[in-house]
Amino acid sequence: MSVLAHVVRGGPQQNEPAATQALTYILNKSPKLVRSLIDLIRSERLQFEPSRVDAEQSIEDGQPDLTIYDQAGRLRGRV
């Protein structure tokens, strides 16, 4: 499925900005891209294996554009 098809067909969070949805879709296709994104944000090397990326998920202290989870389902990064 193309990025555009994924964004246009909607989902549980249809009010998401299209760019964030597209980026989330692309990141979930490649853990290497998630690592690269985190390396850009942080000065230290990634110390966990990324599992999934969610778009605009509400968490206790806000609603970041992206949340990144490890293989055990723990929240490991917010952008």
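Just so it is clear, the values below take in all heavy atoms, side chains as well, and ignore hydrogens, waters and symmetry mates. The structure displayed is predicted, hence computed values, not measured ones.
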Side-chain touch Leu66/Leu37, heavy atoms, less than 4.5 angstrom: yes
Residues forming a side chain to side chain contact (heavy atoms under 4.5 Å, CB included) with Arg78, sequence neighbours excluded: Ile59, Asp61, Pro64, Thr67, Leu75
Can you see which heavy atom on [X] is nearest to which on [Y], and at what distance?
X     : Y     : answer
Arg76 : Phe48 : CB-CZ, 3.3 Å
Glu56 : Gln63 : O-NE2, 2.8 Å
Pro31 : Pro50 : O-CG, 3.9 Å

Straight-line distance of Asp54 CG to Leu27 CG, nearest 0.5 Å: 11.0 Å
Separation of Glu49 CD from Asp70 CG (nearest 0.5 Å): 9.5 Å
Backbone N/O of Val53 and side chain of Asn28: donor-acceptor pair under 3.5 Å: yes
